[in-house]
Participant: 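The following block contains the structure, expressed as structure tokens.
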Amino acid sequence: MTKVREVVWRRVVDDLSFEHAVLARAADAVTIAGTVLAAEQDAPLRLDYAVDCDAAWRTRRATLDFAYAGARTTKVLEHDGAGGWRIDGRPAAALAGCTDVDIGLTPSTNAVAINRLRLAAGETGAAKAAWVRFPALEIVAAEQSYQRIDDRHYRYRNADSGFEAVVEVDEDGLPIDYADIWRRIAEGPGSPR
């Protein structure tokens, strides 16, 4: 049986974005899929994405359909289960050793690392991620870490950018409040996409 939840976030730091996401958990797989609508440099931006993981929250595939400034781009990232990645079917040696995908436009992908790491309070875990940066749609390896502060709070750090944030999450690891940047404004049961 698949458990499905839907959430909506608002980017409160500037009120220029909303996201609707669906988390679907089955016995052997997890998928987070969503749509981000934003105003970026006064232009409409839309991202439709899906991140497919195995039951242990190890990323296996991410699909991104991105529309911005009159152009539409689709990217498919695939993990081979042994540390190697492919982007659009071609080997991506620069992503070797990455375990997660961090989609820079959404708070949802933090749930992947949080659930995969399964940290106890006070513990810190490393998470090298294939970081998707927008609006350039660059995909680079990024050294990240998560420190579990208590049951509901994690300190996220991106060593490459210097960004740091405290993230409040729910029982599924989905952000409730992402450092006063993103805030959940709706949640409920959902249906798979």
Side-chain angles (χ1 to χ4, degrees), residues 2-15 17-38 47 49-60 62 64 98-134 142-193:
T2 302
K3 175 186 172 188
V4 182
R5 293 182 59 208
E6 294 185 40
V7 297
V8 175
W9 290 286
R10 179 172 65 95
R11 194 167 73 188
V12 294
V13 69
D14 58 13
D15 280 331
S17 300
F18 284 92
E19 176 176 357
H20 175 262
V22 176
L23 170 66
R25 295 177 73 172
D28 61 348
V30 179
T31 298
I32 299 175
T35 299
V36 178
L37 299 174
L47 171 67
Y49 70 89
V51 178
D52 299 315
C53 303
D54 64 17
W57 289 82
R58 292 180 298 243
T59 302
R60 293 298 172 241
L64 305 126
C98 291
T99 52
D100 305 311
V101 171
D102 180 0
I103 301 173
L105 277 179
T106 170
S108 71
T109 51
N110 288 273
V112 175
I114 286 170
N115 282 286
R116 183 183 55 74
L117 290 168
R118 302 179 195 273
L119 301 171
E123 288 185 330
T124 300
K128 188 174 181 183
W131 180 27
V132 185
R133 299 191 300 195
F134 294 90
E143 297 291 340
Q144 303 178 343
S145 68
Y146 289 83
Q147 176 190 22
R148 189 168 191 175
I149 299 168
D150 58 32
D151 285 350
R152 300 286 184 166
H153 295 88
Y154 289 79
R155 182 175 314 283
Y156 163 80
R157 290 185 177 100
N158 182 321
D160 295 297
S161 71
F163 178 76
E164 185 175 312
V166 173
V167 183
E168 178 186 4
V169 300
D170 63 20
E171 66 279 1
D172 288 320
L174 289 171
I176 296 168
D177 184 88
Y178 188 98
D180 292 326
I181 298 170
W182 288 94
R183 187 164 298 128
R184 184 185 306 167
I185 59 172
E187 67 176 303
S191 58
R193 286 184 167 211

Participant: Can you see which heavy atom on Gly125 is nearest to which on Leu117, and at what distance?
Facilitator: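 The answer is O-CD1, 4.0 Å.
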Participant: Drop me the distance from Glu6's CD to Leu23's CG, to the nearest 0.5 angstrom.
Facilitator: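 Between Glu6 CD and Leu23 CG, I get 10.5 Å after rounding to 0.5 Å.
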Participant: Kindly indicate whether the side chain of Tyr156, heavy atoms from C-beta on, has any atom under 4.5 Å from the side chain of Asp102.
Facilitator: yes
Participant: What I'd like to find out is whether the side chain of Tyr146 reaches to under 4.5 Å of the side chain of Asn110, using heavy atoms alone.
Facilitator: yes
Participant: Working to the nearest 0.5 angstrom, can you tell me the gap between Tyr154 OH and Asp151 CG?
Facilitator: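 Rounded to the nearest 0.5 Å, the OH-CG separation comes out at 8.5 Å.
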Participant: Please report the closest heavy-atom contact between Glu19 and Pro107, naming both atoms and the distance.
Facilitator: OE1-CD, 3.3 Å
Participant: Can you tell me how far CD1 of Ile149 sits from CZ of Arg155, rounded to the nearest 0.5 angstrom?
Facilitator: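 So the gap between those two atoms works out to 4.5 Å.
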Participant: Heavy atoms only: give me the nearest Gly104-Trp131 pair and the separation to one decimal.
Facilitator: CA-NE1, 4.3 Å
Participant: Check each of Val101, Leu105, Ile103 against Tyr49 using the side-chain contact (heavy atoms from CB on, under 4.5 Å) test, and report the only one that passes.
Facilitator: Ile103
Participant: Which residues pass the side-chain contact (heavy atoms from CB on, under 4.5 Å) test with Asp170, not counting sequence neighbours?
Facilitator: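 Once residues adjacent in sequence are excluded, the partners of Asp170 under the side-chain contact (heavy atoms from CB on, under 4.5 Å) criterion are Arg5, Arg152, Asp172, Leu174, Ile176, Arg184.
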Participant: Treating Asn158 as the side-chain partner and Gln144 as the backbone partner, does any N or O pair qualify as donor plus acceptor under 3.5 Å?
Facilitator: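 Checked: no pair found.
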Participant: Minimum heavy-atom separation for Ala38 to Ser17, with atom names?
Facilitator: CB-OG, 3.1 Å
Participant: Would you check if the side chain of Thr99 reaches a backbone N or O of Lys128 as a donor-acceptor pair within less than 3.5 Å?
Facilitator: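 Yes.
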Participant: Kindly give the heavy-atom pair with the smallest separation between Gly122 and Gln147, and that separation in Å.
Facilitator: O-NE2, 4.4 Å
Participant: Report yes if some heavy atom in the side chain of Ile32 is under 4.5 Å from a heavy atom in the side chain of Trp57; otherwise report no.
Facilitator: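 In short, these two side chains touch, coming nearer than 4.5 Å.
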Participant: For Trp9 and Pro175, indicate whether the former's side chain and the latter's backbone hold a donor-acceptor pair under 3.5 Å.
Facilitator: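 Flag set: sc Trp9 to bb Pro175 pair under 3.5 Å.
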Participant: Kindly compute the distance separating NZ (Lys3) from CZ (Arg25), expressed to the nearest 0.5 Å.
Facilitator: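 Lys3 NZ to Arg25 CZ: 6.0 Å, rounded to 0.5 Å.
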Participant: Looking only at heavy atoms, what is the nearest atom pair of Ala127 and Ala113, with distance?
Facilitator: CB-CB, 4.2 Å
Participant: Are the side chains of Val51 and Thr59 in touch, meaning some heavy atoms are under 4.5 Å apart?
Facilitator: yes
Participant: In a check of salt bridge (charged side-chain N to carboxylate O under 4.0 Å, His left out) between Asp177 and each of Arg11, Arg10, Arg183, which one passes?
Facilitator: Arg183
